[in-house]
Enquirer: 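Please read through the structure below; I'll follow up with questions.
In what follows, every chain begins at residue 1, and chains take the letters A, B, ... in the order their sequences are listed.
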2 protein chains.
Amino acid sequence: MKENRLVKETEDLACGARVIHEDIVELVARDMPEKTLLEGLASFFKVFGDPTRIAILMALSKEEMCVCDLCALLDMKQSAVSHQLKTLKQSRVVRSRRAGKVMYYSLDDDHIDSVLHIGIQHIREETTEHRLL
Amino acid sequence: MKENRLVKETEDLACGARVIHEDIVELVARDMPEKTLLEGLASFFKVFGDPTRIAILMALSKEEMCVCDLCALLDMKQSAVSHQLKTLKQSRVVRSRRAGKVMYYSLDDDHIDSVLHIGIQHIREETTEHRLL
DNA sequence: TTAACAAATGATCATTTGTTCATATGTATA
DNA sequence: TATACATATGAACAAATGATCATTTGTTAA
């Protein structure tokens with residue numbers, strides 16, 4: 001039976017599941033990124049997962065802006081904006097520069113803009129597909 | 001005073017903040033995406049903000065895989081994997097196809113792979129910069 | 001139809017997250 | 001130095017999230 005070559009009954013896995021395609025699992029396992037990279041990626045993207053932060057990023061993708069201007073633009077408390085900017089900065093998504101009392105924020109590098117635009121493209125194509133189907 | 005042209009003292013904003021660069025705020029406000037798009041983007045990216053889901057996506061970026069193989073690869077309970085796959089599918093990040101009892105999952109489109117790779121690039125350059133500074 | 005199994009789902013619970021309030025820093029200027 | 005202002009930060013709390021357990025749904029083959 002050639003099926004036996006592919007199917008391995010392993011009741012003793014921690015997850016309690018059987019492996020159906022042992023070969024593929026091993027192949028994929030071989031070049032899975034390290035846990036550190038997976039976590040790094042997750043916390044990088046997590047930052048994009050909030051509407052307020054996305055709004056901030058879209059704004060900064062147009063212009064460098066200071067905290068209180070962002071407050072006005074988003075109609076949000078200064079504290080809330082500052083907290084979010086801190087999150088964004090810690091993840092190196094945004095950089096800041098001081099000019100007297102004013103702190104100016106801008107996107108850290110071009111990757112940020114790229115990520116945003118791919119997201120927008122993905123969403124637009126989704127809604128387009130709906131029309132086609 | 002030319003400063004007065006730029007500075008507008010608006011104590012009556014909901015956010016209680018003053019606008020320092022009124023012109024920039026208005027400029028940026030003009031082509032801010034709609035709230036719907038901002039929320040769409042956020043929930044799209046939110047999906048990338050978890051190590052387990054990133055692991056699943058990295059795996060699927062190599063090979064189409066079924067649920068129990070993912071369980072084995074990630075050493076996770078079938079239920080946990082299924083729940084995450086549901087999340088991924090609802091956000092149209094992943095698609096599924098049934099073959100008998102087995103459900104095969106794969107990335108929804110090329111955007112997903114692009115997003116992942118930009119993330120990886122961003123992280124790599126970060127660590128490179130550290131060495132240079 | 002029944003047994004076996006792959007996958008999905010609902011409820012639960014500990015943990016994380018985002019906002020708010022109150023307050024603290026840091027900077028410029030009177 | 002004292003005051004005003006731009007921003008940052010800590011504590012608190014409601015809301016969202018992810019894993020787990022138990023159970024259900026859907027599919028195949030005996």
Side-chain angles (χ1 to χ4, degrees), chain A residues 1 3 6-11 13-21 38-39 42-43 45-56 65-72 74-91 94 96-105, chain B residues 1 3 6-11 13-21 38-39 42-43 45-56 65-72 74-91 94 96-105:
Chain A
M1 301 155 158
E3 260 227 273
L6 292 176
V7 180
K8 186 191 183 185
E9 307 282 335
T10 36
E11 199 68 75
L13 272 181
C15 58
R18 283 159 196 74
V19 183
I20 296 189
H21 310 89
L38 296 177
E39 285 166 355
S43 50
F45 286 123
K46 184 174 287 180
V47 143
F48 293 81
D50 175 81
T52 297
R53 286 192 296 262
I54 287 284
I56 292 176
M65 289 181 83
C66 72
V67 179
C68 66
D69 286 348
L70 284 169
C71 292
L74 307 175
D75 192 29
M76 286 185 60
K77 298 279 170 68
Q78 176 267 319
S79 171
V81 173
S82 259
H83 278 301
Q84 296 296 22
L85 286 169
K86 189 184 186 182
T87 301
L88 289 166
K89 201 179 172 187
Q90 279 176 338
S91 306
V94 137
S96 64
R97 118 186 125 79
R98 161 157 252 139
K101 287 183 283 191
V102 183
M103 288 290 278
Y104 290 94
Y105 284 85
Chain B
M1 303 157 157
E3 261 226 272
L6 292 175
V7 179
K8 187 190 184 186
E9 307 283 334
T10 36
E11 199 68 74
L13 272 181
C15 57
R18 282 160 196 75
V19 182
I20 296 189
H21 311 88
L38 295 177
E39 285 166 355
S43 49
F45 286 123
K46 185 173 288 181
V47 144
F48 293 80
D50 175 82
T52 296
R53 286 191 297 263
I54 286 285
I56 292 176
M65 290 181 84
C66 72
V67 179
C68 65
D69 286 348
L70 284 169
C71 292
L74 308 174
D75 193 28
M76 287 184 61
K77 300 277 169 68
Q78 176 266 319
S79 172
V81 173
S82 260
H83 278 300
Q84 297 295 23
L85 286 169
K86 188 185 187 182
T87 300
L88 289 165
K89 201 179 172 187
Q90 278 176 339
S91 306
V94 137
S96 63
R97 119 187 124 77
R98 163 158 250 139
K101 288 183 281 192
V102 183
M103 289 290 277
Y104 290 94
Y105 284 85

Enquirer: Just jot down the side chain to side chain donor-acceptor pair (under 3.5 Å) partners of B:K101, sequence neighbours excluded, or say none.
Expert: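 Per chain and number, B:K101 pairs via side chain to side chain donor-acceptor pair (under 3.5 Å) with no residue.
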Enquirer: I need a per-nucleotide contact map over nucleotides 10-18 of chain D, read 5' to 3'. Cutoff is protein heavy atoms under 4.0 Å; write B for the base, S for backbone only, - otherwise.
Expert: B------SS
Enquirer: Does D:dA8 have OP1 or OP2 sitting under 4.0 Å from an N or O in the side chain of A:Y105?
Expert: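 Yes.
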Enquirer: Please list, chain by chain and in numerical order, all residues satisfying side chain to side chain contact (heavy atoms under 4.5 Å, CB included) with A:S43, sequence neighbours excluded.
Expert: none
Enquirer: Please report the distance, rounded to the nearest Å, between CD1 in A:I20 and P in C:dA4.
Expert: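 Atom-to-atom, A:I20 to C:dA4, this comes out as 17 Å.
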Enquirer: Mark up nucleotides 25-30 of chain C, 5' to 3', with B wherever a protein heavy atom is under 4.0 angstrom from a base atom, S wherever such an atom reaches only the sugar-phosphate, and - elsewhere.
Expert: -BBS--
Enquirer: Do B:V102 and B:V67 come close enough that some side-chain heavy atom pair is under 4.5 Å?
Expert: no
Enquirer: Does the side chain of A:H21 come within less than 4.5 Å of B:C66's, by heavy atoms?
Expert: yes
Enquirer: Between B:C71 and B:M76, is any pair of side-chain heavy atoms under 4.5 Å apart?
Expert: no
Enquirer: Please report, rounded to the nearest Å, how far the C1' atom of D:dT20 is from the CG atom of B:D75.
Expert: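 Distance check: B:D75 CG to D:dT20 C1' gives 15 Å.
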Enquirer: Can you name the residues that form a side chain to side chain contact (heavy atoms under 4.5 Å, CB included) with B:Q90, not counting sequence neighbours?
Expert: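 Testing B:Q90 for side chain to side chain contact (heavy atoms under 4.5 Å, CB included), a comparison that skips the adjacent residues, returns B:K86.
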Enquirer: Let me know the distance between CE of B:M76 and C1' of D:dC21, rounded to the nearest Å.
Expert: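 Rounded to whole Å, this separation is 14 Å.
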Enquirer: Atom CD of A:Q90 and atom P of D:dA8: how far apart are they, to the nearest Å?
Expert: 12 Å
Enquirer: Which residues pass the side chain to side chain contact (heavy atoms under 4.5 Å, CB included) test with B:D50, not counting sequence neighbours?
Expert: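 For B:D50 the side chain to side chain contact (heavy atoms under 4.5 Å, CB included) partners, ignoring immediate neighbours, are B:T52, B:R53, B:Q84.
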Enquirer: Rounded to whole Å, how long is the line connecting atom CD of A:Q78 with atom P of C:dT20?
Expert: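 So the two atoms are 12 Å apart, to the nearest Å.
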Enquirer: In terms of ring plane angle, is the pair B:F45 and A:F48 parallel, tilted or perpendicular, where the classes change at 30° and 60°?
Expert: tilted
Enquirer: Atom CG of A:L88 to atom P of C:dT17: distance rounded to whole Å?
Expert: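 Nearest whole value for this atom pair: 14 Å.
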